[in-house]
Colleague: 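Have a look at the structure that comes next, please.
Index from 1, following the sequence. Note that the structure is predicted; figures quoted are calculated from it, not measured.
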Amino acid sequence: MNESSGSGVAGAGEITVAAAFAGMRRVVPVVFRAGCPDCRGSFELTASALRLAIGATSKTTFYSFTCPDCGAAVRKPAGERIVELLTGGGVRTLRLHGTV
């Protein structure tokens, strides 16, 4: 594919890679600090290591992960602020539906 084809006017609508990315900062992955209640380990997890389940009430809303130190399945309650932080950081979310 010829990059100069298109408008027929040299330079019209063309932009260099350097110009397109000028002023952009390096994107740093979001990490979350967490702790394991079993082994008392403290560590950082990426969004992909966490899961968020949003239920109908605060008692059924939680986040979970597997402890990287001991392998325990950890489940912790998630209040409104935690939900906001996790969803904003790209954590995958599951909405739980109650039975009627």
Side-chain angles (χ1 to χ4, degrees):
M1 175 178 233
N2 185 348
E3 292 183 10
S4 64
S5 65
S7 68
V9 178
E14 293 180 20
I15 188 167
T16 66
V17 172
F21 290 99
M24 291 184 72
R25 293 178 283 165
R26 184 173 156 245
V27 176
V28 178
V30 175
V31 292
F32 299 93
R33 293 198 47 97
C36 177
D38 287 356
C39 71
R40 303 283 185 222
S42 181
F43 38 81
E44 292 182 340
L45 298 170
T46 62
S48 63
L50 294 157
R51 298 291 179 273
L52 174 63
I54 299 177
T57 68
S58 61
K59 291 184 180 195
T60 57
T61 300
F62 60 92
Y63 65 98
S64 62
F65 59 90
T66 301
C67 175
D69 294 342
C70 71
V74 179
R75 178 175 162 166
K76 295 187 174 187
E80 288 181 35
R81 180 69 179 141
I82 298 294
V83 169
E84 182 181 316
L85 291 170
L86 294 177
T87 55
V91 173
R92 283 182 265 182
T93 304
L94 172 67
R95 295 215 177 257
L96 304 176
H97 298 282
T99 57
V100 182

Colleague: State, yes or no, whether a side-chain contact exists between L45 and P68 at a heavy-atom distance under 4.5 Å.
Modeller: yes
Colleague: Taking G55's backbone N and O only, do any of them form a donor-acceptor pair with T61's side chain (distance below 3.5 Å, no angle check)?
Modeller: yes
Colleague: Going from CD1 on I82 to OG on S58, what distance comes out if it is rounded to the nearest 0.5 angstrom?
Modeller: 13.5 Å
Colleague: NZ of K76 to CG of L50: how many Å apart, nearest 0.5 Å?
Modeller: 10.5 Å
Colleague: Test of understanding: clusters of I, L, V, M, F, W, Y form through side-chain heavy atoms closer than 4.5 Å, transitively. Do L86 and F62 belong to the same one?
Modeller: no
Colleague: Once rounded to the nearest 0.5 Å, what's the spacing between atom OG1 of T66 and atom CZ of R51?
Modeller: 9.0 Å
Colleague: Under the side chain to side chain donor-acceptor pair (under 3.5 Å) rule, collect the residues that match up with E84, sequence neighbours excluded.
Modeller: R81
Colleague: Report the residues that fulfil side chain to side chain contact (heavy atoms under 4.5 Å, CB included) with T93, sequence neighbours left out, ordered by chain and then residue number.
Modeller: L52, I54, T87
Colleague: Cut-off 3.5 Å, no hydrogens considered: what does the side-chain donor-acceptor table look like for residues 31-40, sequence neighbours left out?
Modeller:
| residue | atom | partner | partner atom | Å |
| --- | --- | --- | --- | --- |
| R33 | NH2 | S42 | OG | 3.0 |
| R40 | NH1 | P37 | O | 3.3 |

Colleague: What distance do R75 atom CZ and Y63 atom OH have between them, rounded to the nearest 0.5 Å?
Modeller: 12.5 Å
Colleague: Does F43 belong to the same Ile/Leu/Val/Met/Phe/Trp/Tyr cluster as L85, with side-chain heavy atoms less than 4.5 Å apart forming each link?
Modeller: no
